[in-house]
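For reference, the structure is listed below as structure tokens.
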Amino acid sequence: MTALEILLIVIGAIAFIAAGAVVARNVANNRGTKELPPVQRPEITAAAESEPVAQAPGDATPDVPASEVVTPEVETPESIPSRMERLRSRLAHSGGVGKALLGVLSRGELSASDWEEFEEILLMADVGLEPTTELLENVRTQVQIKGATTAEELRALVHAELLKLVAPEMDRALHLEPGVAEDGSKLPATVLLVGVNGTGKTTTVGKLARILVAEDKQVLLGAADTFRAAAADQLQTWGQRVGVEVVRSDREGADPASVAFEAVKTGVETGVDVVMVDTAGRLQNKAGLMDELGKIKRVMERQAPLTEVLLVIDATTGQNGMRQAQVFAEVAGITGIVLTKLDGTAKGGIVIAVQRELGVPVKLVGLGEGADDLAPFDPAAFVDSLLA
């Protein structure tokens, strides 16, 4: 056997051994892998296999079954007698000027320093200098005439004088009688609310709408505060809560008079009882304010009588609020005042001061943040609560 033949035999043997090793390894691997039964195999859908498509956040439009669509729940506002009783109780227990006055009166026969303290309390309560002086003079005169010295006698005298200053004889009714068009059809009463920003004007429109709905009146709101971005949205929310339509512009900075015009026009067409219009409270200058409010009033009156112009004042702003109120009173021809945040703090005397200064009655007061924390102003109950 030649060397070449021996070499070929060796190479063939090596190849045979290598092939056998490969076969043995494949058999071993097959024995270690168990195929999942068909019911255990994870199903791979075409959607999972495909590439996810990028989507802008605002483009998502998930399908929501009709039964799951959430609609705002229409609330039932609290009745007037119920809220009057509740607010009267809250005022009586909130402290402030009443407790301070009773603290002095409880001393019985008052000394000169007691009277000075009494005067200081009234001034700090924003009663105003003139009404305070008038009240003190009248009470001291009555003390001398009647010889009143006990705390109860002094309390009765102060109660009578405070009630005089609050002027219970003023007409505090909201005049919302419908008008009559030339063709005999009904025209809605229209109400304009004015005041500086931050007094709670838009909130007051919403709360007053609840009062009117509680009295079974059909109400429509106009969002003519077009210079504050959130005002229309805020009013829309108030309207939805009691099922009241809101006329608004989708464009910030739109002409307020055009919104007011459209609100009254819609109110006439739909036959509602009352249209209330919210306004902007910018106070850059008197001339600009007069032009803006004058235009709004004119376009409203073209379609229905303007029955109320209510000035909203924050009771906690004191004399600063009084100066702002004077400007609005001059340009808007106000018929009544809404005092917000009259929660029994030391600023309660502004009721007296604002009526004396502006010559119009306080018609509504707010004593809290709740949706039904607005009620007609009751002078006797107010004084009773102060001195309870």
Strictly distance-based, threshold 3.5 Å: is any side-chain N or O of [X] a donor or acceptor partner for the main-chain N or O of [Y]?
X	Y	value
Thr237	Asp233	yes
Thr307	Thr190	yes
Thr199	Gly195	no
Lys217	Leu176	no
Glu245	Leu221	no

Closest non-hydrogen atom pair, [X] against [Y]:
X	Y	result
Arg172	Phe377	NH1-CD2, 3.6 Å
Val194	Lys201	C-CD, 3.4 Å
Ser113	Ser111	OG-OG, 3.0 Å
Val309	Gly333	CB-O, 3.9 Å
Val246	Ala223	CG1-CB, 4.3 Å
Gly243	Val74	N-CG1, 3.9 Å

[X] versus [Y]: any side-chain heavy-atom pair under 4.5 Å?
X	Y	value
Val180	Ser185	no
Arg140	Phe118	no
Leu157	Lys146	yes
Val274	Leu220	no
Leu192	Glu308	no
Leu165	Val351	no
Pro256	Thr279	no
Leu101	Leu122	yes

| Within a reach of under 6.0 Å around NZ of Lys186, are more than 12 heavy atoms found that belong to other residues, nucleotides or ligands? |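 More than 12 within 6.0 Å, yes.
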| message | For the CD atom on Gln326, are there more than 12 heavy atoms of other groups (residues, nucleotides or ligands in this structure) within a distance under 6.0 Å? | response |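 Enclosed: over 12 neighbouring heavy atoms sit under 6.0 Å from CD of Gln326.
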May I ask you to check whether [X] and [Y] show a side-chain donor-acceptor distance below 3.5 Å?
X	Y	value
Asp278	Thr202	yes
Thr203	Glu369	no
Glu153	Thr150	yes
Thr141	Asn138	no

Looking at [atom1] of [X] and [atom2] of [Y], how far apart are the two atoms once the value is rounded to the nearest 0.5 Å?
X	Y	atom1	atom2	result
Met276	Leu193	CE	CG	7.0 Å
Leu310	Thr335	CG	OG1	5.0 Å
Leu136	Glu116	CG	CD	10.5 Å
Leu374	Arg210	CG	CZ	11.0 Å
Phe328	Ile313	CZ	CD1	10.0 Å
Glu75	Asp372	CD	CG	8.0 Å

| request: Please test Asp273 against Val219 for side chain to side chain contact (heavy atoms under 4.5 Å, CB included), starting from the C-alpha separation and ending with a verdict. | output: CA-CA 6 Å; Asp273 299 311; Val219 183; over 6 Å; no
| request: Give the intermediate values and the outcome of side chain to side chain contact (heavy atoms under 4.5 Å, CB included) for residues Asp255 and Thr226. | output: CA-CA 7 Å; Asp255 180 19; Thr226 60; over 6 Å; no
Indicate every side-chain donor-acceptor pair of residues 296-305 with a distance under 3.5 Å to a residue at least two apart or in another chain.
{"from": "Lys297", "atom 1": "NZ", "to": "Ala332", "atom 2": "O", "distance (Å)": "2.9"}
{"from": "Arg298", "atom 1": "NH1", "to": "Gly294", "atom 2": "O", "distance (Å)": "3.4"}
{"from": "Gln303", "atom 1": "OE1", "to": "Lys265", "atom 2": "N", "distance (Å)": "3.4"}
{"from": "Gln303", "atom 1": "NE2", "to": "Phe261", "atom 2": "O", "distance (Å)": "3.0"}

| Non-neighbouring partners of Glu357 that pass salt bridge (charged side-chain N to carboxylate O under 4.0 Å, His left out), sequence neighbours left out |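 Glu357 satisfies salt bridge (charged side-chain N to carboxylate O under 4.0 Å, His left out) with no residue once adjacent residues are dropped.
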| message | Can you list everything that forms a salt bridge (charged side-chain N to carboxylate O under 4.0 Å, His left out) with Glu262? Sequence neighbours excluded, please. | response |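 Here no residue qualifies.
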Do the charged groups of [X] and [Y] touch, with an N to O distance under 4.0 Å?
X	Y	value
Glu134	Lys164	no
Lys363	Asp171	no
Arg107	Asp114	yes

Membership question, hydrophobic clusters at under 4.5 Å side-chain separation (ILVMFWY): are [Y] and [X] in the same one?
X	Y	result
Val166	Val158	yes
Val259	Leu235	no
Met170	Leu311	no
Leu364	Trp238	no
Val127	Leu123	no

| message | Is there a side chain to side chain contact (heavy atoms under 4.5 Å, CB included) between Asp225 and Asn197? Walk through the geometry before answering. | response | CA-CA 10 Å; Asp225 183 355; Asn197 287 335; 4.2 Å; yes
